[in-house]
Amino acid sequence: MIWNEKSECMSKEEKKQLQLERLQDVVKKAYENVPYYRKRFQELNIMTEDIKTLKDIEKLPFTTKTDLREAYPFGMFAVPEDEIIEVHTSSGTTGKPTVSGYSQKDLEIWSEVMARALTMAGANKKDFIQNAYGYGLFTGGLGVHYGTQKIGATVVPISAGNTMRQLEIMQDFGTTIITCTPSYALYLAEVAENEGIKAENLKLKAGVFGAEMWTEEMRQEIEKRLNLSALNIYGLTEIIGPGVAMECEDKTGLHIADDHFYPEIIDPKTLQTLPEGERGELVLTTLTREGMPIIRFRTKDLTALRNEKCSCGRTSIKMDRITGRTDDMLKIRGVIVFPSQIEKALLKIEGLEPQYQIIVTRPHHMDELEVQVETSEKLFSDEVKHVEEAKKMIEDHIHSELGLRVNVSLVEPQSLPRSEGKAVRVIDKREL
Ligand code: DLL
(Lines give C-alpha, C1' and ligand atoms only; values in the text may rest on other atoms or scores of the structure.)
Protein backbone atom coordinates (compact mmCIF):
# COMPACT_ATOMS: atom_id res chain seq x y z
CA MET A 1 0.00 0.00 0.00
CA ILE A 2 1.12 3.51 -0.81
CA TRP A 3 -0.47 6.39 1.05
CA ASN A 4 -0.23 9.07 -1.63
CA GLU A 5 0.61 7.47 -4.93
CA LYS A 6 0.52 10.71 -6.87
CA SER A 7 3.15 12.34 -4.68
CA GLU A 8 5.22 9.32 -3.78
CA CYS A 9 5.45 7.80 -7.27
CA MET A 10 5.73 10.86 -9.51
CA SER A 11 8.32 10.80 -12.29
CA LYS A 12 11.77 12.20 -11.57
CA GLU A 13 11.21 15.06 -14.03
CA GLU A 14 7.94 16.03 -12.47
CA LYS A 15 9.52 15.87 -9.02
CA LYS A 16 12.41 18.11 -10.06
CA GLN A 17 10.08 20.70 -11.48
CA LEU A 18 7.97 20.65 -8.34
CA GLN A 19 11.05 20.92 -6.12
CA LEU A 20 12.35 23.89 -8.09
CA GLU A 21 9.05 25.74 -7.89
CA ARG A 22 8.80 25.06 -4.17
CA LEU A 23 12.42 26.03 -3.56
CA GLN A 24 11.91 29.35 -5.31
CA ASP A 25 8.85 29.94 -3.23
CA VAL A 26 10.45 29.08 0.12
CA VAL A 27 13.51 31.21 -0.63
CA LYS A 28 11.27 34.14 -1.44
CA LYS A 29 9.22 33.68 1.72
CA ALA A 30 12.30 33.29 3.90
CA TYR A 31 13.75 36.47 2.43
CA GLU A 32 10.58 38.43 2.88
CA ASN A 33 9.55 37.23 6.32
CA VAL A 34 12.61 36.13 8.29
CA PRO A 35 15.07 38.94 9.06
CA TYR A 36 17.81 36.36 9.69
CA TYR A 37 17.57 35.03 6.11
CA ARG A 38 17.23 38.47 4.59
CA LYS A 39 20.48 39.49 6.26
CA ARG A 40 22.30 36.31 5.22
CA PHE A 41 21.14 36.59 1.60
CA GLN A 42 22.15 40.23 1.46
CA GLU A 43 25.59 39.43 2.88
CA LEU A 44 26.09 36.86 0.13
CA ASN A 45 24.57 39.17 -2.42
CA ILE A 46 21.91 36.68 -3.44
CA MET A 47 18.60 37.72 -4.86
CA THR A 48 15.69 35.34 -4.82
CA GLU A 49 15.71 35.53 -8.65
CA ASP A 50 19.14 33.88 -8.60
CA ILE A 51 17.53 30.50 -7.95
CA LYS A 52 16.93 29.37 -11.51
CA THR A 53 17.79 25.68 -11.21
CA LEU A 54 17.91 23.20 -8.34
CA LYS A 55 21.69 23.37 -8.44
CA ASP A 56 21.46 27.05 -7.55
CA ILE A 57 20.59 25.92 -4.02
CA GLU A 58 24.36 25.73 -3.56
CA LYS A 59 24.49 29.52 -3.65
CA LEU A 60 22.36 29.73 -0.52
CA PRO A 61 23.79 29.96 2.99
CA PHE A 62 23.70 27.07 5.45
CA THR A 63 21.67 27.17 8.65
CA THR A 64 23.11 25.56 11.79
CA LYS A 65 21.77 24.61 15.19
CA THR A 66 23.72 27.59 16.57
CA ASP A 67 21.88 29.96 14.22
CA LEU A 68 18.59 28.58 15.49
CA ARG A 69 19.67 28.88 19.11
CA GLU A 70 20.61 32.50 18.54
CA ALA A 71 17.14 33.14 17.18
CA TYR A 72 15.64 31.59 20.35
CA PRO A 73 12.77 31.43 20.94
CA PHE A 74 10.76 32.66 17.95
CA GLY A 75 13.22 34.53 15.73
CA MET A 76 12.93 32.08 12.82
CA PHE A 77 9.18 32.22 12.46
CA ALA A 78 8.02 33.37 9.05
CA VAL A 79 4.40 34.01 9.97
CA PRO A 80 2.88 36.15 12.73
CA GLU A 81 2.87 34.36 16.08
CA ASP A 82 -0.91 34.02 16.09
CA GLU A 83 -0.65 31.75 13.06
CA ILE A 84 1.67 29.37 14.91
CA ILE A 85 -0.53 26.74 16.53
CA GLU A 86 2.04 24.35 17.97
CA VAL A 87 5.65 24.45 19.10
CA HIS A 88 8.19 21.73 19.79
CA THR A 89 11.79 21.80 20.89
CA SER A 90 14.70 19.54 20.12
CA SER A 91 14.77 16.65 22.55
CA GLY A 92 17.67 18.18 24.44
CA THR A 93 17.78 19.81 27.56
CA THR A 94 16.96 22.59 29.86
CA GLY A 95 19.70 24.68 28.24
CA LYS A 96 18.63 26.71 25.22
CA PRO A 97 16.89 24.26 22.92
CA THR A 98 15.96 24.93 19.34
CA VAL A 99 12.31 25.73 18.78
CA SER A 100 10.20 24.57 15.89
CA GLY A 101 6.95 26.43 15.18
CA TYR A 102 4.09 24.93 13.16
CA SER A 103 1.27 26.66 11.35
CA GLN A 104 -1.96 24.82 10.55
CA LYS A 105 -0.54 23.95 7.14
CA ASP A 106 2.71 22.66 8.69
CA LEU A 107 0.75 20.26 10.90
CA GLU A 108 -1.05 19.04 7.80
CA ILE A 109 2.27 18.42 6.07
CA TRP A 110 3.58 16.61 9.12
CA SER A 111 0.46 14.43 9.32
CA GLU A 112 0.80 13.68 5.60
CA VAL A 113 4.45 12.59 5.74
CA MET A 114 3.79 10.55 8.88
CA ALA A 115 0.78 8.89 7.21
CA ARG A 116 3.10 7.95 4.34
CA ALA A 117 5.68 6.61 6.80
CA LEU A 118 3.23 4.51 8.79
CA THR A 119 1.72 3.16 5.56
CA MET A 120 5.23 1.98 4.63
CA ALA A 121 5.07 -0.10 7.81
CA GLY A 122 1.82 -1.62 6.56
CA ALA A 123 -0.53 0.51 8.65
CA ASN A 124 -4.18 0.87 7.64
CA LYS A 125 -7.45 1.75 9.33
CA LYS A 126 -7.60 -1.59 11.09
CA ASP A 127 -4.33 -1.23 12.95
CA PHE A 128 -3.70 -0.56 16.60
CA ILE A 129 -0.61 1.60 16.80
CA GLN A 130 0.97 1.63 20.26
CA ASN A 131 2.89 4.85 20.36
CA ALA A 132 5.69 4.55 22.90
CA TYR A 133 7.57 7.66 21.76
CA GLY A 134 7.45 10.39 24.37
CA TYR A 135 4.59 12.87 24.13
CA GLY A 136 5.43 16.47 24.88
CA LEU A 137 7.95 18.87 23.46
CA PHE A 138 9.73 15.94 21.80
CA THR A 139 8.32 15.43 18.30
CA GLY A 140 8.18 11.61 18.41
CA GLY A 141 4.90 11.27 20.29
CA LEU A 142 2.74 13.79 18.45
CA GLY A 143 4.30 13.07 15.05
CA VAL A 144 3.22 9.43 15.15
CA HIS A 145 -0.09 10.49 16.71
CA TYR A 146 -0.99 12.82 13.82
CA GLY A 147 0.05 10.29 11.19
CA THR A 148 -2.02 7.53 12.78
CA GLN A 149 -5.09 9.68 12.93
CA LYS A 150 -4.65 10.81 9.34
CA ILE A 151 -4.72 7.16 8.27
CA GLY A 152 -7.65 6.43 10.53
CA ALA A 153 -5.84 3.70 12.43
CA THR A 154 -6.26 3.59 16.21
CA VAL A 155 -3.55 5.33 18.17
CA VAL A 156 -2.74 4.10 21.67
CA PRO A 157 -1.03 7.19 23.08
CA ILE A 158 0.81 5.41 25.87
CA SER A 159 3.98 7.53 25.55
CA ALA A 160 7.42 6.34 26.68
CA GLY A 161 8.24 4.21 29.69
CA ASN A 162 6.23 2.03 32.07
CA THR A 163 7.29 -1.21 30.46
CA MET A 164 4.96 -3.58 32.30
CA ARG A 165 1.98 -1.51 31.26
CA GLN A 166 3.25 -1.41 27.68
CA LEU A 167 3.30 -5.21 27.61
CA GLU A 168 -0.08 -5.54 29.25
CA ILE A 169 -1.72 -3.17 26.79
CA MET A 170 0.07 -4.79 23.88
CA GLN A 171 -1.54 -8.11 24.81
CA ASP A 172 -4.97 -6.83 25.86
CA PHE A 173 -5.50 -4.48 22.90
CA GLY A 174 -3.80 -6.69 20.35
CA THR A 175 -1.35 -4.00 19.25
CA THR A 176 -0.26 -4.56 15.65
CA ILE A 177 2.36 -1.80 15.28
CA ILE A 178 4.70 -0.50 17.94
CA THR A 179 6.55 2.81 17.64
CA CYS A 180 9.51 3.62 19.92
CA THR A 181 13.29 3.93 19.90
CA PRO A 182 15.10 0.75 18.79
CA SER A 183 16.85 0.45 22.15
CA TYR A 184 13.51 0.55 23.93
CA ALA A 185 12.17 -2.11 21.55
CA LEU A 186 14.96 -4.43 22.67
CA TYR A 187 14.26 -3.62 26.29
CA LEU A 188 10.58 -4.44 25.76
CA ALA A 189 11.63 -7.76 24.21
CA GLU A 190 13.84 -8.53 27.17
CA VAL A 191 11.18 -7.76 29.76
CA ALA A 192 8.60 -9.72 27.75
CA GLU A 193 10.90 -12.74 27.79
CA ASN A 194 11.43 -12.43 31.54
CA GLU A 195 7.70 -12.27 32.05
CA GLY A 196 7.15 -15.37 29.97
CA ILE A 197 5.33 -13.48 27.21
CA LYS A 198 5.94 -15.21 23.90
CA ALA A 199 6.44 -12.97 20.86
CA GLU A 200 4.51 -15.37 18.64
CA ASN A 201 1.46 -14.87 20.85
CA LEU A 202 1.53 -11.11 20.30
CA LYS A 203 -0.15 -9.54 17.26
CA LEU A 204 2.73 -7.23 16.37
CA LYS A 205 3.43 -7.07 12.64
CA ALA A 206 5.74 -4.07 12.40
CA GLY A 207 7.80 -1.65 14.45
CA VAL A 208 8.63 1.94 13.47
CA PHE A 209 11.92 2.64 15.16
CA GLY A 210 14.09 5.74 15.11
CA ALA A 211 15.21 8.89 16.92
CA GLU A 212 18.63 7.36 17.54
CA MET A 213 21.34 5.50 15.71
CA TRP A 214 21.00 1.74 15.26
CA THR A 215 22.42 -1.01 13.13
CA GLU A 216 21.41 -3.81 10.78
CA GLU A 217 22.42 -6.30 13.50
CA MET A 218 20.07 -4.62 15.92
CA ARG A 219 17.29 -4.84 13.36
CA GLN A 220 17.74 -8.59 13.09
CA GLU A 221 17.80 -8.99 16.84
CA ILE A 222 14.59 -6.96 17.30
CA GLU A 223 12.81 -8.77 14.45
CA LYS A 224 13.68 -12.14 15.90
CA ARG A 225 12.78 -11.33 19.48
CA LEU A 226 9.57 -9.39 18.86
CA ASN A 227 8.53 -11.36 15.78
CA LEU A 228 7.84 -8.29 13.65
CA SER A 229 9.25 -6.32 10.73
CA ALA A 230 11.51 -3.56 12.10
CA LEU A 231 11.64 -0.38 10.01
CA ASN A 232 13.77 2.70 10.34
CA ILE A 233 12.26 6.18 10.61
CA TYR A 234 14.30 9.38 10.55
CA GLY A 235 13.60 12.99 11.30
CA LEU A 236 14.60 15.98 13.34
CA THR A 237 12.78 18.70 15.19
CA GLU A 238 14.28 21.57 13.23
CA ILE A 239 12.89 20.21 9.95
CA ILE A 240 9.52 18.88 11.21
CA GLY A 241 10.11 15.86 13.48
CA PRO A 242 9.80 12.19 12.48
CA GLY A 243 8.65 11.59 8.91
CA VAL A 244 11.47 13.25 7.00
CA ALA A 245 12.45 9.77 5.79
CA MET A 246 11.22 6.22 6.29
CA GLU A 247 12.07 2.73 5.14
CA CYS A 248 9.68 0.63 3.10
CA GLU A 249 9.53 -3.16 3.26
CA ASP A 250 12.42 -3.34 0.78
CA LYS A 251 14.71 -2.24 3.64
CA THR A 252 17.36 -0.81 1.34
CA GLY A 253 17.44 2.74 2.61
CA LEU A 254 14.95 5.37 3.75
CA HIS A 255 12.63 7.16 1.31
CA ILE A 256 12.98 10.88 1.85
CA ALA A 257 9.71 12.82 1.51
CA ASP A 258 11.58 14.88 -1.07
CA ASP A 259 8.57 16.81 -2.29
CA HIS A 260 8.64 18.47 1.15
CA PHE A 261 12.30 18.21 2.22
CA TYR A 262 15.14 18.71 -0.25
CA PRO A 263 18.26 16.72 0.63
CA GLU A 264 21.91 17.35 -0.21
CA ILE A 265 25.10 15.69 0.96
CA ILE A 266 28.11 17.89 1.67
CA ASP A 267 31.67 17.31 2.69
CA PRO A 268 31.59 18.62 6.29
CA LYS A 269 35.09 20.07 5.92
CA THR A 270 35.00 21.79 2.53
CA LEU A 271 31.21 22.29 2.59
CA GLN A 272 31.13 21.31 -1.08
CA THR A 273 28.18 19.30 -2.36
CA LEU A 274 29.10 15.66 -2.94
CA PRO A 275 27.92 13.49 -5.82
CA GLU A 276 25.19 10.94 -5.30
CA GLY A 277 26.29 7.83 -3.44
CA GLU A 278 29.10 9.50 -1.49
CA ARG A 279 28.93 9.57 2.26
CA GLY A 280 28.87 12.94 3.95
CA GLU A 281 26.76 15.28 6.02
CA LEU A 282 23.05 15.46 5.26
CA VAL A 283 21.74 18.97 4.57
CA LEU A 284 17.99 19.55 4.41
CA THR A 285 15.82 22.38 3.10
CA THR A 286 12.12 22.54 3.89
CA LEU A 287 10.26 23.08 0.61
CA THR A 288 6.74 23.64 1.92
CA ARG A 289 6.90 24.68 5.53
CA GLU A 290 5.15 27.90 6.26
CA GLY A 291 5.66 28.65 9.97
CA MET A 292 9.38 28.06 10.04
CA PRO A 293 11.09 27.52 6.70
CA ILE A 294 14.66 26.30 7.03
CA ILE A 295 17.22 26.70 4.27
CA ARG A 296 20.08 24.17 4.00
CA PHE A 297 20.05 22.93 7.57
CA ARG A 298 23.28 21.14 8.49
CA THR A 299 22.01 18.04 10.29
CA LYS A 300 25.53 16.79 11.22
CA ASP A 301 24.20 13.31 10.45
CA LEU A 302 26.35 11.17 8.16
CA THR A 303 24.74 9.26 5.31
CA ALA A 304 24.64 8.92 1.50
CA LEU A 305 21.85 9.50 -1.02
CA ARG A 306 20.75 6.95 -3.63
CA ASN A 307 18.55 7.59 -6.59
CA GLU A 308 17.77 3.98 -7.37
CA LYS A 309 14.54 2.36 -8.41
CA CYS A 310 12.80 0.77 -5.45
CA SER A 311 10.77 -2.44 -5.57
CA CYS A 312 7.92 -0.68 -3.74
CA GLY A 313 7.32 1.70 -6.65
CA ARG A 314 8.05 4.91 -4.77
CA THR A 315 10.31 7.21 -6.74
CA SER A 316 11.68 9.40 -3.97
CA ILE A 317 15.40 9.56 -3.36
CA LYS A 318 16.61 7.24 -0.60
CA MET A 319 19.21 7.74 2.10
CA ASP A 320 21.30 5.10 3.84
CA ARG A 321 20.80 4.58 7.53
CA ILE A 322 22.68 7.17 9.60
CA THR A 323 26.11 5.83 10.48
CA GLY A 324 27.54 8.62 12.57
CA ARG A 325 27.71 12.33 13.33
CA THR A 326 30.19 15.04 12.52
CA ASP A 327 30.02 16.35 16.08
CA ASP A 328 30.04 14.78 19.52
CA MET A 329 26.27 14.86 20.04
CA LEU A 330 25.02 11.83 21.96
CA LYS A 331 21.51 10.54 22.23
CA ILE A 332 20.83 8.98 25.60
CA ARG A 333 17.46 7.25 25.82
CA GLY A 334 16.39 9.48 22.96
CA VAL A 335 17.51 12.70 24.61
CA ILE A 336 20.15 14.87 22.97
CA VAL A 337 23.22 15.42 25.12
CA PHE A 338 26.35 17.34 24.24
CA PRO A 339 29.43 16.70 26.42
CA SER A 340 29.84 20.48 26.61
CA GLN A 341 26.61 20.67 28.62
CA ILE A 342 28.02 18.33 31.21
CA GLU A 343 31.16 20.42 31.30
CA LYS A 344 29.07 23.53 31.79
CA ALA A 345 27.27 21.93 34.73
CA LEU A 346 30.57 20.86 36.30
CA LEU A 347 32.06 24.31 35.91
CA LYS A 348 29.23 25.76 37.93
CA ILE A 349 30.35 23.76 40.96
CA GLU A 350 32.80 25.55 43.13
CA GLY A 351 36.01 23.71 43.89
CA LEU A 352 35.57 21.14 41.15
CA GLU A 353 38.27 20.60 38.55
CA PRO A 354 36.55 20.09 35.22
CA GLN A 355 38.48 16.89 34.61
CA TYR A 356 35.85 14.44 33.58
CA GLN A 357 35.05 11.54 31.36
CA ILE A 358 31.69 10.36 30.12
CA ILE A 359 31.11 6.63 29.83
CA VAL A 360 28.07 5.50 27.88
CA THR A 361 26.87 1.93 28.21
CA ARG A 362 23.71 0.05 27.35
CA PRO A 363 23.05 -2.60 30.00
CA HIS A 364 19.75 -4.37 29.32
CA HIS A 365 19.33 -2.25 26.17
CA MET A 366 18.82 0.95 28.17
CA ASP A 367 21.39 3.72 27.86
CA GLU A 368 23.29 4.61 30.99
CA LEU A 369 25.53 7.60 31.31
CA GLU A 370 28.25 7.70 33.91
CA VAL A 371 30.26 10.83 34.52
CA GLN A 372 33.59 10.28 36.19
CA VAL A 373 34.89 13.37 37.92
CA GLU A 374 38.10 13.86 39.88
CA THR A 375 37.61 14.74 43.52
CA SER A 376 39.42 17.56 45.20
CA GLU A 377 39.68 18.82 48.77
CA LYS A 378 37.93 22.00 47.74
CA LEU A 379 34.79 20.11 46.89
CA PHE A 380 33.95 19.50 50.51
CA SER A 381 32.38 22.15 52.69
CA ASP A 382 30.10 22.46 55.67
CA GLU A 383 27.16 21.19 53.65
CA VAL A 384 29.05 18.63 51.63
CA LYS A 385 31.03 16.50 54.02
CA HIS A 386 30.94 13.05 52.48
CA VAL A 387 31.60 11.51 49.13
CA GLU A 388 27.96 10.46 48.79
CA GLU A 389 26.80 14.05 49.32
CA ALA A 390 29.33 15.35 46.81
CA LYS A 391 28.17 12.77 44.28
CA LYS A 392 24.54 13.72 44.77
CA MET A 393 25.28 17.42 44.53
CA ILE A 394 27.07 16.93 41.20
CA GLU A 395 24.29 14.67 39.93
CA ASP A 396 21.73 17.34 40.78
CA HIS A 397 23.72 20.00 38.94
CA ILE A 398 23.92 17.82 35.85
CA HIS A 399 20.24 16.98 36.14
CA SER A 400 19.25 20.62 36.15
CA GLU A 401 21.44 21.30 33.12
CA LEU A 402 20.44 18.26 31.08
CA GLY A 403 17.08 17.23 32.42
CA LEU A 404 18.52 13.73 32.61
CA ARG A 405 19.61 11.64 35.59
CA VAL A 406 23.17 10.36 35.29
CA ASN A 407 25.45 8.43 37.63
CA VAL A 408 28.41 10.35 38.92
CA SER A 409 31.46 8.58 40.26
CA LEU A 410 34.27 10.39 41.99
CA VAL A 411 37.75 9.24 41.10
CA GLU A 412 41.18 10.06 42.58
CA PRO A 413 42.71 13.44 41.68
CA GLN A 414 44.97 13.22 38.61
CA SER A 415 43.66 9.77 37.71
CA LEU A 416 41.79 10.54 34.49
CA PRO A 417 43.83 10.43 31.30
CA ARG A 418 45.18 13.81 30.17
CA SER A 419 45.42 14.44 26.50
CA GLU A 420 47.81 16.65 24.62
CA GLY A 421 45.40 17.24 21.84
CA LYS A 422 41.65 17.15 21.88
CA ALA A 423 40.55 15.57 25.13
CA VAL A 424 38.72 12.28 24.78
CA ARG A 425 35.67 13.06 26.84
CA VAL A 426 33.33 10.36 25.71
CA ILE A 427 33.82 6.62 25.80
CA ASP A 428 30.85 5.10 24.07
CA LYS A 429 30.67 1.42 24.87
CA ARG A 430 27.31 0.86 23.22
CA GLU A 431 27.82 -1.16 20.10
CA LEU A 432 26.14 1.16 17.62
O1 DLL B 1 14.54 12.33 17.10
C2 DLL B 1 12.67 12.97 15.72
C3 DLL B 1 12.25 11.56 15.64
C4 DLL B 1 11.30 11.07 16.52
C5 DLL B 1 12.77 10.71 14.65
C6 DLL B 1 10.89 9.75 16.42
C7 DLL B 1 12.35 9.40 14.54
C8 DLL B 1 11.39 8.92 15.43
P9 DLL B 1 15.40 15.20 17.51
O10 DLL B 1 15.17 14.85 18.93
O11 DLL B 1 15.44 16.61 17.10
O12 DLL B 1 14.27 14.56 16.61
O13 DLL B 1 16.74 14.47 17.08
C14 DLL B 1 17.18 14.48 15.75
O15 DLL B 1 18.22 12.30 16.08
O16 DLL B 1 19.65 14.61 13.79
C17 DLL B 1 19.75 12.22 14.33
O18 DLL B 1 21.03 12.50 14.86
C19 DLL B 1 18.97 11.38 15.32
N20 DLL B 1 18.06 10.46 14.64
C21 DLL B 1 16.73 10.59 14.45
N22 DLL B 1 16.25 9.51 13.77
C23 DLL B 1 17.31 8.68 13.54
C24 DLL B 1 17.49 7.42 12.90
C25 DLL B 1 13.92 13.22 16.56
N26 DLL B 1 16.48 6.74 12.36
C27 DLL B 1 18.45 13.65 15.64
N28 DLL B 1 18.75 6.92 12.83
C29 DLL B 1 18.92 13.49 14.22
C30 DLL B 1 19.80 7.58 13.37
C31 DLL B 1 18.47 9.31 14.09
N32 DLL B 1 19.68 8.76 14.00
Side-chain angles (χ1 to χ4, degrees), residues 63-65 68-69 87-93 95 97-100 102 110 113-114 116-118 120-121 129 131-148 159-160 177-185 207-216 218-219 222 230-247 251 253-257 261 263 268 279 281-284 286 292 294 297-304 318-338 367 402-404 428 430 432:
T63 309
T64 63
K65 229 180 167 64
L68 299 186
R69 280 211 187 99
V87 284
H88 286 273
T89 67
S90 58
S91 60
T93 60
T98 52
V99 178
S100 192
Y102 304 71
W110 196 15
V113 293
M114 278 308 299
R116 293 183 193 175
L118 293 167
M120 285 188 221
I129 303 187
N131 185 12
Y133 285 115
Y135 277 68
L137 286 170
F138 177 54
T139 52
L142 282 163
V144 170
H145 193 93
Y146 294 146
T148 309
S159 197
I177 296 178
I178 173 88
T179 61
C180 61
T181 59
S183 53
Y184 192 63
V208 179
F209 304 128
E212 64 183 12
M213 214 140 42
W214 57 310
T215 54
E216 219 30 69
M218 231 173 125
R219 184 205 312 267
I222 298 173
L231 299 163
N232 194 355
I233 185 163
Y234 172 82
L236 57 168
T237 315
E238 291 83 352
I239 296 300
I240 204 145
V244 172
M246 169 76 188
E247 253 175 358
K251 296 182 186 163
L254 293 80
H255 288 277
I256 301 180
F261 315 109
R279 184 169 177 266
E281 179 180 339
L282 177 68
V283 169
L284 291 166
T286 63
M292 204 177 94
I294 300 283
F297 184 70
R298 289 190 60 184
T299 65
K300 309 260 174 132
D301 291 320
L302 294 170
T303 181
K318 292 201 284 188
M319 64 179 227
D320 292 348
R321 68 164 65 241
I322 305 288
T323 49
R325 301 243 335 146
T326 63
D327 64 5
D328 54 4
M329 183 182 102
L330 293 166
K331 272 206 145 183
I332 305 295
R333 280 173 259 141
V335 176
I336 290 173
V337 174
F338 285 99
D367 297 332
L402 295 182
L404 192 76
D428 200 335
R430 299 174 294 181
L432 292 178

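Since the structure is predicted, the reported quantities are computational estimates derived from the model, not experimental observations. Both ligands and their constituent atoms are indexed starting at 1 by order of listing. When a residue number appears, it is its place in the shown sequence, counting from 1.
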Enumerate the atoms of ligand 1 whose separation from the nearest heavy atom of Gly210 is less than 4.0 angstrom. 7 (C), 8 (C), 26 (N)
For ligand 1, is any non-hydrogen atom under 4.0 Å from Asn232's backbone (N, CA, C, O), its side chain (CB onward), both, or neither? side chain
Polar contact flag for Thr299 and ligand 1 (N/O pairs, less than 3.5 Å): no
Thr63-Arg298 side chain donor-acceptor pair, cut-off 3.5 Å: no
Only one of Arg325, Arg321, Lys331 passes salt bridge (Lys or Arg N to Asp or Glu O under 4.0 Å) with Asp301, and that residue is Arg325
Side-chain (Thr299) to main-chain (Leu282) donor-acceptor, under 3.5 angstrom: yes
List every atom of ligand 1 that sits less than 4.0 Å from any heavy atom of Lys331, numbering the atoms from 1 in the order shown and giving each element. 1 (O), 9 (P), 10 (O), 13 (O), 14 (C), 15 (O), 25 (C), 27 (C)
Under 4.0 Å from a heavy atom of Arg325: which atoms of ligand 1 are those, numbered in the order shown and with their elements? 16 (O), 18 (O)
Full working for side chain to side chain donor-acceptor pair (under 3.5 Å) between Ser183 and Glu212: CA-CA 8 Å; Ser183 53; Glu212 64 183 12; 2.7 Å; yes
Nearest heavy atom to atom 32 (N) of ligand 1, choosing from Met329, Glu212, Glu238, belongs to Glu212
N or O pair under 3.5 Å between Tyr133 and ligand 1: no
Would you please indicate yes or no on a ring centroid separation below 6.0 angstrom for His145 and Tyr135? yes
I'd like to check which ligand 1 atoms, numbered from 1 as shown, lie under 4.0 Å from a non-hydrogen atom of Ile233. 7 (C), 8 (C), 22 (N), 24 (C), 26 (N)
Mode of Ile322 contact toward ligand 1 - side chain, backbone, both, neither (heavy atoms, under 4.0 Å): side chain
At under 4.0 Å between heavy atoms, which part of Leu236 makes contact with ligand 1: side chain, backbone, both or neither? both
Between the side chains of Thr179 and Asn131, does any donor sit under 3.5 Å from an acceptor? yes
In terms of the angle between their ring planes, are Trp110 and Tyr146 parallel, tilted or perpendicular, with boundaries placed at 30° and 60°? perpendicular
